[in-house]
Protein chains: 2
Amino acid sequence: MTKMTPQVRCQGRSNCFACGLRHEMVCSDVSLDDLIDFHAGIEDFDYEHGSAIYHMGAPMEAVYCVRGGAVKMVRYDPAGEQRIVRVLKTGDVAGIESAFAEKFEHTAIAVGRVRACRIPISYFRKFVSDHGGLQMRLLRKSQEALREAETWLSQLMGGTTPARTRMARLFLRLRAVEGGDKIHRFSLEDIAAIIGITPETASRVISDFVRQGILVKGGNSYATRFFRGDIPALEKIAQEV
Amino acid sequence: MTKMTPQVRCQGRSNCFACGLRHEMVCSDVSLDDLIDFHAGIEDFDYEHGSAIYHMGAPMEAVYCVRGGAVKMVRYDPAGEQRIVRVLKTGDVAGIESAFAEKFEHTAIAVGRVRACRIPISYFRKFVSDHGGLQMRLLRKSQEALREAETWLSQLMGGTTPARTRMARLFLRLRAVEGGDKIHRFSLEDIAAIIGITPETASRVISDFVRQGILVKGGNSYATRFFRGDIPALEKIAQEV
DNA sequence: CGTGTACTTGAGTGGGCTCAAGCAGGGTGG
DNA sequence: CCACCCTGCTTGAGCCCACTCAAGTACACG
């Protein structure tokens with residue numbers, strides 16, 4: 001079978017070489033041919049706002065590389081309440097936490113419009129076991145995720161820290177691109193599920209930020225909406241008692 | 001060089017083969033001789049209550065296998081407040097999160113009397129890179145830790161869930177041995193730093209549990225004290241709104 | 001046996017929750 | 001293209017849990 005360029009394999013719709021996974025996979029001992037083979041089974045999908053990419057407890061059958069938008073990773077506490085434990089952004093890979101488990105550990109839901117590449121788990125596992133150096137890279141990636149989760153724990157949670165401060169910290173973490181001022185605009189319900197408050201309180205704080213000009217609403221549909229944030233002001237609030 | 005039995009290498013003070021790491025390392029493709037070599041650099045330490053095993057930001061020079069007692073993993077939020085992000089118990093390994101980083105990610109502090117084996121990081125890294133199958137096992141271990149951290153997030157945190165409920169959930173997780181009724185007894189300050197409340201509130205809830213006979217205080221020094229818990233009662237409270 | 005730290009307990013306050021009503025604006029169907 | 005509708009957001013009033021401040025107690029350790 002004739003090899004095509006990876007771009008074509010990806011149906012010309014995207015450049016797989018811009019993918020976060022590719023960053024992990026090239027280097028080490030992966031040849032270009034291997035990479036092209038790997039890309040053979042990959043498909044490119046659009047997810048509209050609110051649709052699930054996969055569900056907690058469902059059989060683990062693929063990982064997904066997020067190419068645009070934001071994805072919330074949801075868990076449920078013993079009382080059945082929804083809790084958002086992490087947020088993925090462009091370049092992150094959804095599902096690697098569960099890569100060697102039977103079922104997905106979370107439900108992954110699109111926030112706004114999302115594009116993602118679906119990589120069947122059989123391809124993924126085979127590729128990883130064929131290339132020893134990759135395991136090391138995955139290990140690093142997994143440890144990054146752990147660090148991120150712990151950062152959420154220590155910065156976003158905690159009854160002692162006022163909701164206002166934690167919200168500022170959250171918005172700083174929800175920036176679409178590191179260092180930019182564009183902020184993923186989640187629903188009040190989502191924000192509540194992240195930092196552990198009620199939607200009403202979230203609304204009051206945001207209204208306050210908007211009145212002070214610290215946040216400016218943008219976008220004209222749930223799929224594309226966002227905030228512009230006054231980053232220095234948010235950073236100041238984030239450090240308050 | 002003559003090989004000695006691992007027990008002797010460990011100065012006869014402990015059986016390295018009961019270690020949580022060993023569980024990861026044996027199986028796969030590690031020979032007994034390799035294991036004995038590996039154990040050559042290991043030392044066995046006692047830590048008294050409150051002493052630090054290592055500090056956040058310090059150069060990463062070893063991992064520690066916890067052989068007895070409990071260890072709190074501490075971080076600091078932007079306001080300088082102490083937050084406990086995870087608790088290690090017998091069989092867990094402290095420092096693997098940072099195994100491929102320059103510095104430690106947390107401060108690790110003994111709660112009660114702790115025994116731990118110190119494994120120099122150079123040994124550890126060499127051993128891992130020599131044995132391909134180990135990376136896979138470490139990856140799994142790392143993903144376990146991630147799951148644990150996210151469980152804390154979703155179960156112990158959250159302003160909506162009453163402190164009483166979260167405390168019950170915490171005590172269930174702090175059992176010394178899975179399924180037992182012996183519970184690691186942390187200071188009020190520590191408990192406060194874990195679930196994000198004040199020590200006063202923690203005191204009130206515990207006093208209440210003790211009055212109801214759900215918890216019974218045991219041990220006669222900070223180094224050895226513990227609770228006995230009425231597990232069914234705690235489980236019932238843990239599921240309340 | 002003394003000293004200090006950790007814990008207990010109380011009274012008062014306040015931030016965030018609850019319940020409830022009104023509003024806006026995006027999506028849908030006529 | 002317009003009007004409706006429904007979801008998500010806003011805003012208010014009152015209450016309650018957990019925080020704060022403060023004092024007193026117990027007990028671990030030297």
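Keep in mind that this is a model prediction, so the values were computed, not measured.
- Neither OP1 nor OP2 of dC9(D) sits under 4.0 Å from any side-chain N or O of S203(A).
- Using cut-offs of 30° and 60° on the angle between ring planes, the pair Y47(B) and F45(B) is tilted.
- Here R147(A) pairs with E105(B) in a salt bridge; the nearest charged N to carboxylate O distance falls below 4.0 Å.
- For R204(B), the side-chain atoms get nearest to dG10(C) when compared with the rest of dA28(D), dC17(C), dG10(C).
- Looking at R86(A), E150(A), M73(A), R83(A) one by one, the single match for side-chain contact (heavy atoms from CB on, under 4.5 Å) with E150(B) turns out to be R86(A).
- Backbone-only engagement by P162(A) is indicated by non-hydrogen atom pairs under 4.0 Å involving sugar-phosphate atoms exclusively.
- Rounded to an integer number of Å, the gap from I197(A) CD1 to dA18(D) C1' is 16 Å.
- Between F227(A) and F209(A), the gap from one ring centroid to the other reaches at least 6.0 Å.
- Within the 4.0 Å cut-off from OP1 or OP2 of dG16(C), not a single side-chain nitrogen or oxygen of T198(A) is found.
- OP1 or OP2 of dG8(D) has not a single side-chain nitrogen or oxygen of S187(A) nearer than 4.0 Å.
- Out of dT18(C), dG16(C), dA18(D), the shortest distance to the side chain of T160(B) is found at dT18(C).
- At the phosphate of dC9(D), OP1 or OP2 sits under 4.0 Å from a side-chain N or O atom of R225(A).
- If you take CD1 of I195(A) and C1' of dG16(C), they are 11 Å apart, rounded to a whole angstrom.
- Between S221(B) and dA28(D) there is no side-chain N or O to OP1 or OP2 distance below 4.0 Å.
- Heavy-atom distances to DNA chain C give each of G219(A) and R166(A) a nearest nucleotide, and the one nearer the 5′ end belongs to R166(A).
- Phosphate proximity of dT11(D) to S207(A): present, with a side-chain N or O under 4.0 Å from OP1 or OP2.
- Map R164(B) and N220(B) each onto its nearest nucleotide of DNA chain D; the residue landing nearer the 5' end is R164(B).
- Using a 4.0 Å cut-off, some side-chain N or O of K217(A) falls inside it from OP1 or OP2 of dT10(D).
- We find that CG of L188(B) is positioned 16 Å from P of dA26(D), with the value rounded to whole Å.
- Heavy-atom contacts from other residues, nucleotides or ligands closer than 6.0 Å to CD of E189(A) number 12 or fewer.
- In this structure, I206(B) reaches neither bases nor backbone, as no heavy-atom distance under 4.0 Å exists between it and the strands shown.
- When the side-chain nitrogen and oxygen atoms of R211(A) are compared with OP1 and OP2 of dT11(D), one or more of them lie within a distance under 4.0 Å.
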